[in-house]
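So the structure is just underneath, and the comments pick up after that.
Note that the coordinates shown come from a computational prediction; the quantities given were computed from them, not determined experimentally. Atom set for the values below is all heavy atoms of this structure, side chains included, hydrogens, waters and symmetry mates excluded.
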Amino acid sequence: MSEESTFPEELLAGLTPEQRDAVTSTRRRLLVRATAGSGKTHVLTLRIQRRIALGELDADHVLAMTFTRKAGDQLRQRLFRAGIRDVRAGTFHRAALTIVSEYRDDHGLKPLTIESQRRRLVASLATHLREDGVVKLEDWQLPRLDAEIGWALSQGLTGATYAKRARLVLRQGPLPPSTFADVLDRYVGLCRSRGILDFDLLLNEAITLLKNEPAVLASFRHRTRALFVDETQDMNPLQFDLLRQMAGDDPDLFCVGDPNQSIYGFNGAAPQLLTSLLDTWPDMDVLDLTRNHRSTANIVAIANTLLEPGAAGITPAKEDGELPLVRSYDTDTVEAEKVAQWLRSHRQPGSPWRAMAVLARTNAQLEGVASALQAADIPFTRLGSEHSPASDLVSGDAPTRWTHEDVPDAVALSTIHRAKGLEWQHVAVIGMAEGLLPHYNATTETEIAEEQRLAYVALTRAETSLLMTWSRGRDDPRRPERVASRFLTPIEAAVYVRTQELAPLEGDERRARIRAIREDLAKAQAAVALRDSGHE
């Protein structure tokens with residue numbers, strides 16, 4: 001390692017004091033709790049770059065774990081532009097695959113097959129269950145069985161531990177707990193007998209090797225001297241266990257995450273695991289990045305209403321901007337048409353179509369918007385399911401190509417889950433009605449809390465203008481009429497308050513406001529003068 005600093009310190013010039021602390025802190029263990037739009041990935045990248053430049057780390061001793069292929073690619077691209085080539089960056093599953101594959105290669109074992117579509121295995125399992133007389137499952141039940149197997153494995157459960165945990169958390173599974181416990185063990189046995197690992201079993205295999213094979217652990221620790229974890233709030237217990245085995249008792253560990261953006265409960269993720277980091281490594285330092293550099297002050301004020309009690313509020317870095325709008329309509333068709341009109345009204349120089357997005361809880365809700373945009377001759381593109389938990393395994397092992405990809409000038413149509421981590425100038429969030437957001441499947445307090453965080457993520461994708469809409473759903477008289485989402489109650493109250501605050505004042509009220517502003521300005525100027533004179 002070079003002892004001479006080659007890090008361009010001017011890269012720190014544009015950082016806030018909190019961001020600078022996160023980049024330059026000398027603590028071996030650091031958790032950065034970073035709100036939406038606070039530049040957390042930029043901070044993580046700069047910290048890696050700086051530590052390598054200062055000779056504290058070799059690039060090939062760094063492992064950065066993310067949750068999607070795209071996130072890993074972006075991190076590598078940023079480091080590539082800084083002249084750093086050898087940092088390993090990818091999903092937890094990519095790291096696990098490396099551990100398992102190297103072990104099997106070293107011991108002359110046959111490579112394992114990774115199954116990216118668990119539903120195929122579940123369908124085969126259902127056939128065996130029917131043949132063995134365990135339980136008869138219809139095809140329509142298989143998606144729920146698939147989801148329950150995924151949840152159980154993500155929690156690190158086996159047949160022996162599932163029933164107790166399911167009862168403890170009031171889990172409403174597709175089968176009675178004792179029956180499903182047997183089914184879970186049979187599923188794992190089926191995979192083992194075929195030499196197949198699904199994504200969760202892949203993580204478990206890596207954990208087992210790190211626990212039980214000293215040579216595997218020693219090799220990993222020799223090669224990996226520092227761990228960086230982005231989007232830490234997306235970890236599930238199985239991924240956390242993998243991190244714990246990788247890290248050991250005295251790790252060089254840097255984690256960034258936002259508990260308010262924990263929205264992957266279906267993958268077993270829970271924001272409480274951020275607290276588990278501190279329980280596991282009690283001397284871990286904590287820094288908070290609460291300044292939002294993405295959204296206007298008005299958007300931040302509205303998004304703040306969706307934070308859970310006790311959560312740190314967001315501080316805006318931008319001016320007030322447009323007031324967010326809340327609109328209701330009688331039918332889904334009218335809602336879609338009005339959204340198209342709103343988008344067109346924001347098509348101005350500096351605001352191309354690609355600077356706009358329409359977000360919804362589900363893909364099905366976007367169909368009507370697509371039709372309305374097509375009728376209005378507005379170009380649009382649909383964002384795919386890139387944010388799968390092991391997307392860098394699904395896409396194969398081909399090396400990343402550092403090529404420029406042209407972005408079409410089109411409005412993005414996306415689910416809120418897919419939009420996480422992205423941003424646009426103008427965002428319309430549709431379907432803010434009970435049964436849609438929150439979704440009708442969310443029935444427990446924990447599930448409703450996650451739906452609220454999902455709404456928070458949606459609102460904080462917007463930089464300058466935000467439209468929130470819902471429809472009573474009168475297109476179809478066969479279904480009950482919808483009512484506004486419970487999340488709109490505090491939002492509409494905040495919009496009203498902001499409207500009153502920004503309304504022009506008249507008479508004595510206006511004069512009093514101006515007088516107060518002048519007095520505050522005079523006090524600030526006096527304080528500056530005192531400081532500059534050296535008499536603080």
Exercise for the section: Could you tell me whether Arg294 and Glu423 have a side-chain N and a carboxylate O separated by less than 4.0 Å? Expected result: yes

Exercise for the section: Decide yes or no for Leu44 and Val23: does some side-chain heavy atom of the first lie under 4.5 Å from some side-chain heavy atom of the second? Expected result: no

Exercise for the section: Please list all pairs passing the ring pair (Phe, Tyr, Trp, His ring centres under 6.0 Å) test where one or both residues lie in residues 121-168, with sequence neighbours left out. Expected result: Tyr162-Phe180

Fill in the blank from the handout: Residues pairing under ring pair (Phe, Tyr, Trp, His ring centres under 6.0 Å) where one sits in residues 21-49, two or more places apart or in two chains, turn out to be none

Exercise for the section: Ignoring hydrogens and angles, tell me if any N or O in the side chain of Gln261 forms a donor-acceptor pair with the backbone of Gln233 under 3.5 Å. Expected result: no

Practice task
State whether Glu56 and Arg225 are salt-bridged, where the test is any N-O pair (Lys NZ or Arg NE/NH1/NH2 against Asp/Glu carboxylate O) under 4.0 Å.
Solution key: no

Problem - Trace of the side-chain contact (heavy atoms from CB on, under 4.5 Å) decision for Val229 with Val256 - result: CA-CA 6 Å; Val229 184; Val256 291; over 6 Å; no

Practice task
Please answer whether the main-chain N or O of Asp60 pairs with a side-chain N or O of Asp58 as donor and acceptor at a distance below 3.5 Å.
Solution key: no

Problem - Worked check of side-chain hydrogen bond (donor to acceptor under 3.5 Å, both in side chains) between Tyr264 and Ser154 - result: CA-CA 11 Å; Tyr264 291 107; Ser154 76; over 6 Å; no

Practice task
Test Ile416 against Arg461 for side-chain contact (heavy atoms from CB on, under 4.5 Å), laying out the working first.
Solution key: CA-CA 9 Å; Ile416 302 171; Arg461 300 310 93 198; over 6 Å; no

Exercise for the section: Say whether, by atom type as modelled, one donor and one acceptor occur between the side chain of Thr224 and the main chain of Arg221 under 3.5 angstrom. Expected result: no

Completion exercise
Hits for side-chain hydrogen bond (donor to acceptor under 3.5 Å, both in side chains) against Gln374, two or more places apart or cross-chain, chain-then-number order -> none

Problem - Note, Leu209 side chain near Glu213 side chain (heavy atom, < 4.5 Å) - result: yes

Problem - CG (Asp476) with more than 12 external heavy atoms under 6.0 Å - result: yes

Practice task
Might you point out which heavy atoms bring Arg418 and Leu422 nearest each other, and give the distance in Å?
Solution key: NH1-CD1, 3.6 Å

Practice task
Assess the side chains of Asp198 and Tyr187: does a donor N or O sit below 3.5 Å from an acceptor N or O?
Solution key: yes

Problem - Test item: Thr127 side-chain N/O and Ala123 main-chain N/O as donor-acceptor pair under 3.5 Å - result: yes

Exercise for the section: Report yes if some heavy atom in the side chain of Thr66 is under 4.5 Å from a heavy atom in the side chain of Phe92; otherwise report no. Expected result: no

Practice task
Please list all pairs passing the salt bridge (Lys or Arg N to Asp or Glu O under 4.0 Å) test where one or both residues lie in residues 35-48, with sequence neighbours left out.
Solution key: Lys40-Asp230, Lys40-Glu231

Exercise for the section: Not counting sequence neighbours, which residues clear side-chain hydrogen bond (donor to acceptor under 3.5 Å, both in side chains) with Asn441? List them please. Expected result: none

Problem - Expected output: side-chain Glu102 to main-chain Ile99 donor-acceptor under 3.5 Å - result: no

Handout entry: Shortest non-hydrogen separation from Ala410 to Thr381 and the atoms involved
Key = CB-N, 3.9 Å

Fill in the blank from the handout: Residue pairs meeting ring pair (Phe, Tyr, Trp, His ring centres under 6.0 Å), one or both in residues 205-238, sequence neighbours left out, come to Phe228-Phe254

Handout entry: N/O donor-acceptor pair under 3.5 Å between Thr35 side chain and Ser38 backbone
Key = no

Handout entry: Side chains of Met432 and Leu436 in contact at under 4.5 Å (non-hydrogen atoms)
Key = no

Exercise for the section: Taking only Lys NZ, Arg NE, NH1 and NH2, and the carboxylate oxygens of Asp or Glu, determine whether Arg27 and Asp252 approach each other closer than 4.0 Å. Expected result: no

Practice task
Specify the closest pair of heavy atoms between Pro259 and Pro271, including all atoms of both residues, with the distance to one decimal.
Solution key: O-CB, 3.9 Å

Problem - Ion pair Asp250/Arg29, N-O distance below 4.0 Å - result: yes

Problem - Leu307 backbone acceptor or donor facing Asn260 side chain under 3.5 Å - result: no

Fill in the blank from the handout: Taking every heavy atom of Val427 against every heavy atom of Ala458, the minimum-distance pair comes out as CG1-O, 4.2 Å

Side-chain donor-acceptor pairs of residues 354-365 under 3.5 Å, sequence neighbours excluded:
{"residue": "Arg361", "atom": "NE", "partner": "Glu451", "partner atom": "OE1", "Å": "3.0"}
{"residue": "Arg361", "atom": "NE", "partner": "Glu451", "partner atom": "OE2", "Å": "3.3"}
{"residue": "Arg361", "atom": "NH2", "partner": "Glu451", "partner atom": "OE2", "Å": "2.9"}
{"residue": "Thr362", "atom": "OG1", "partner": "Gln365", "partner atom": "OE1", "Å": "3.1"}
{"residue": "Gln365", "atom": "OE1", "partner": "Arg361", "partner atom": "N", "Å": "3.3"}
{"residue": "Gln365", "atom": "OE1", "partner": "Thr362", "partner atom": "N", "Å": "3.0"}

Problem - Donor-acceptor contact present, side-chain Ser101 to main-chain Leu97, <3.5 Å - result: yes

Handout entry: Whether Thr161 side chain and Thr158 backbone form a donor-acceptor pair below 3.5 Å
Key = yes

Practice task
Scan Asp288, Asp258, Asp285 and name whichever one has a salt bridge (charged side-chain N to carboxylate O under 4.0 Å, His left out) with Arg33.
Solution key: Asp288

Exercise for the section: Answer yes or no: is there a donor N or O on one side and an acceptor on the other, between the side chain of Trp353 and the main chain of Pro408, under 3.5 Å? Expected result: no

Exercise for the section: Answer yes if the side chains of Tyr103 and Thr98 hold a donor-acceptor pair under 3.5 Å, and no otherwise. Expected result: no

Exercise for the section: Under the side-chain hydrogen bond (donor to acceptor under 3.5 Å, both in side chains) rule, collect the residues that match up with Asn204, sequence neighbours excluded. Expected result: none

Problem - Contact summary for Ala89 and Leu75, nearest pair of heavy atoms - result: CB-CD2, 3.9 Å

Practice task
Would you please name every residue forming a salt bridge (Lys or Arg N to Asp or Glu O under 4.0 Å) with Arg194, sequence neighbours left out?
Solution key: none

Completion exercise
Taken in chain and number order and not counting sequence neighbours, the residues that satisfy side-chain hydrogen bond (donor to acceptor under 3.5 Å, both in side chains) with Arg165 are Gln155

Practice task
Scan for salt bridge (Lys or Arg N to Asp or Glu O under 4.0 Å) pairs involving residues 167-193, sequence neighbours excluded, and state none if there are none.
Solution key: Asp132-Arg186, Glu148-Arg171, Asp182-Arg186, Arg192-Glu205

Completion exercise
Heavy-atom nearest pair, Ala455 first then Phe487, reads CB-CD1, 4.0 Å

Handout entry: Check ion pair Glu131-Lys136 (N to O, under 4.0 angstrom)
Key = no

Problem - Residue pairs passing the salt bridge (Lys or Arg N to Asp or Glu O under 4.0 Å) test where at least one lies in residues 80-91, sequence neighbours excluded - result: none

